[in-house]
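One structure below.
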Amino acid sequence: EQEKAEMYYIRKKYDLPTDKPIFIYGGNLGKPQGIDYLVNCLDANKSRTDCYFVVVGSGTHYGLISEWYIKNLNESSNLNVKLMQSLPKADYDLLVKYCDVGMIFLDHRFTIPNYPSRLLSYLENKMPVICATDVNTDIGKIAEDNGYGYWCESVRIEDFTALVDKMLTSDRKAMGEKGYEFLKKNYLVEHTYNAIMKHLR
């Protein structure tokens, strides 16, 4: 029950709905994230009533998304998107805890595998993920293979929308548990150790 009360409090604090699943993107808003695609995806889904989108971050392309957001905020009384500047880590972690699905965006033109660290905070909070990335990054494939997320290439907007639909009818709790197990097995100790050792060599 306390969990429920806290969820209610945190969502109210940021003026978010308490009665529908929240998809969150947190982190850098720059060229590598393909912000044009992110904005187009939000635009295509902005009047859905079955879910809500939160974007928290900063970066070189923040202005792009901010411009879209302000325009839509003025035009619509029931926009289901919220844009926030970066939050202090403790506040961000609490917010993530009470969201339902984590989103990862990478520009489809990437040719080097990229591993966004924000994935770890989603998995830590037992959230399934939607990854819209290039084809060289295997983050989405790993998520699908291990049952904690869905992937599409960050090119066609309808592919992203289809994943949102799919996620809304999925057992998100079970997917989140799988992600958490995967995190424990693969990332926590060994992954950190190897990353450190690589820098020392």
Side-chain angles (χ1 to χ4, degrees), residues 1-27 29 33 35 37-57 65 68-69 72-73 76-84 87 91-106 116 118-133 139-140 142-144 146-152 154 156-183:
E1 277 309 293
Q2 194 195 340
E3 207 53 1
K4 217 170 188 163
E6 189 171 28
M7 181 275 279
Y8 200 80
Y9 169 76
I10 294 293
R11 286 195 179 189
K12 279 284 175 232
K13 176 179 171 181
Y14 296 110
D15 198 23
L16 304 171
T18 53
D19 59 347
K20 52 185 75 166
I22 294 182
F23 289 68
I24 186 168
Y25 172 87
L29 295 165
Q33 285 71 37
I35 299 305
Y37 180 74
L38 169 54
V39 169
N40 290 337
C41 288
L42 291 174
D43 198 63
N45 289 279
K46 67 185 175 188
S47 31
R48 296 179 75 121
T49 52
D50 55 359
C51 62
Y52 195 90
F53 299 90
V54 176
V55 176
V56 187
I65 190 166
W68 172 87
Y69 181 64
N72 279 277
L73 212 48
S76 157
S77 54
N78 54 355
L79 180 68
N80 69 348
V81 179
K82 172 104 178 181
L83 174 66
M84 293 193 263
L87 293 167
D91 293 342
Y92 174 71
D93 289 347
L94 252 185
L95 174 61
V96 170
K97 184 177 174 187
Y98 293 110
C99 291
D100 301 275
V101 179
M103 298 185 292
I104 286 171
F105 287 91
L106 288 173
R118 70 190 60 90
L119 171 70
L120 302 182
S121 73
Y122 297 155
L123 297 184
E124 240 170 273
N125 284 292
K126 302 185 177 179
M127 290 161 87
V129 294
I130 284 181
C131 307
T133 71
I139 183 171
I142 294 171
E144 292 204 329
N146 290 279
Y148 62 81
Y150 301 129
W151 174 81
C152 69
S154 49
R156 288 159 36 110
I157 294 149
E158 52 271 33
D159 292 348
F160 171 81
T161 300
L163 293 188
V164 173
D165 294 341
K166 192 173 173 185
M167 190 59 90
L168 289 172
T169 58
S170 298
D171 184 344
R172 294 188 297 276
K173 197 167 164 41
M175 290 176 76
E177 290 291 345
K178 284 179 183 166
Y180 185 66
E181 284 310 310
F182 182 80
L183 174 76

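Remember, predicted model here, so these are calculated numbers, not experimental data. Numbers for residues simply follow the sequence, beginning at 1.
- In terms of modelled atom types and a separation under 3.5 Å, the side chain of R172 and the main chain of P128 share no donor-acceptor contact.
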>> side-chain contact (heavy atoms from CB on, under 4.5 Å), that's the test. Do Y122 and I24 meet it? Break it down for me.
In response: CA-CA 9 Å; Y122 297 155; I24 186 168; 4.1 Å; yes
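- Side-chain N or O atoms of D43 include none that pairs as donor or acceptor with a backbone N or O of V39 at under 3.5 Å.
- Every salt bridge (charged side-chain N to carboxylate O under 4.0 Å, His left out) that D50 has, sequence neighbours left out, goes to R48.
- Remark: K126 engages E177 in a salt bridge (charged side-chain N to carboxylate O under 4.0 Å, His left out) (not counting sequence neighbours).
- Not counting sequence neighbours, T18 has no partner by the side chain to side chain donor-acceptor pair (under 3.5 Å) test.
- Closest non-hydrogen pair, G147 versus M175, comes out as O-CG, 3.4 Å.
- Across V129 and A143, no two heavy atoms sit closer than the pair CG2-CB, 4.0 Å.
- We find the CH2-SG distance between W151 and C131 to be 10.0 Å, quoted to the nearest 0.5 Å.
- Listed by chain and number, the residues in a side chain to side chain donor-acceptor pair (under 3.5 Å) with K178 amount to none (sequence neighbours excluded).
- The two residues L168 and P21 have their closest heavy-atom pair at CD2-CG, 3.7 Å.
- Scanning for side chain to side chain donor-acceptor pair (under 3.5 Å) contacts around D19 gives an empty result, with sequence neighbours left out.
- By the neighbour-count criterion of 12 heavy atoms within 6.0 Å, atom NZ of K173 is sparsely surrounded, having that number or fewer from other residues, nucleotides or ligands.
- Annotation: side-chain contact (heavy atoms from CB on, under 4.5 Å) contacts of D93 (sequence neighbours excluded): K89.
- Residues satisfying the salt bridge (charged side-chain N to carboxylate O under 4.0 Å, His left out) criterion with D159, sequence neighbours excluded, are R156.
- The one candidate from N80, N72, L79 that meets the side-chain contact (heavy atoms from CB on, under 4.5 Å) condition with S76 is L79.
- Taken from CD1 in I35 to OH in Y25, the straight-line distance is 5.5 Å, to the nearest 0.5 Å.
- In this structure, Y148 and F182 have tilted ring planes: the angle between them lies in the 30° to 60° band.
- E158 CD to C41 SG: the interatomic distance, rounded to the nearest 0.5 Å, is 9.5 Å.
- Rounding to the nearest 0.5 Å gives a distance of 4.5 Å between CD1 of I10 and CG of L94.
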When the side chains of residues 96-106 are checked against the rest of the protein, which donor-acceptor pairs come out under 3.5 Å, sequence neighbours left out?
residue : atom : partner : partner atom : Å
Y98     : OH   : E6      : OE1          : 2.6
D100    : OD2  : R11     : NH2          : 2.7
D100    : OD2  : I22     : N            : 2.8

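- Partners of L87 by side-chain contact (heavy atoms from CB on, under 4.5 Å), not counting sequence neighbours, listed by chain and number: Y14, V56, D91, Y92, L95.
- The two atoms that bring L123 and Y180 nearest to each other are O-CD1, 3.5 Å, heavy atoms only.
- Smallest separation of non-hydrogen atoms from Y52 and D15: OH-O, 4.2 Å.
- Remark: A44 engages I157, T161 in a side-chain contact (heavy atoms from CB on, under 4.5 Å) (not counting sequence neighbours).
- Under the salt bridge (charged side-chain N to carboxylate O under 4.0 Å, His left out) criterion, K82 pairs with no residue at all, not counting sequence neighbours.
- Scored by the side-chain contact (heavy atoms from CB on, under 4.5 Å) test, L42 finds L38, F53, V55, I65, W68, V81 as partners (sequence neighbours excluded).
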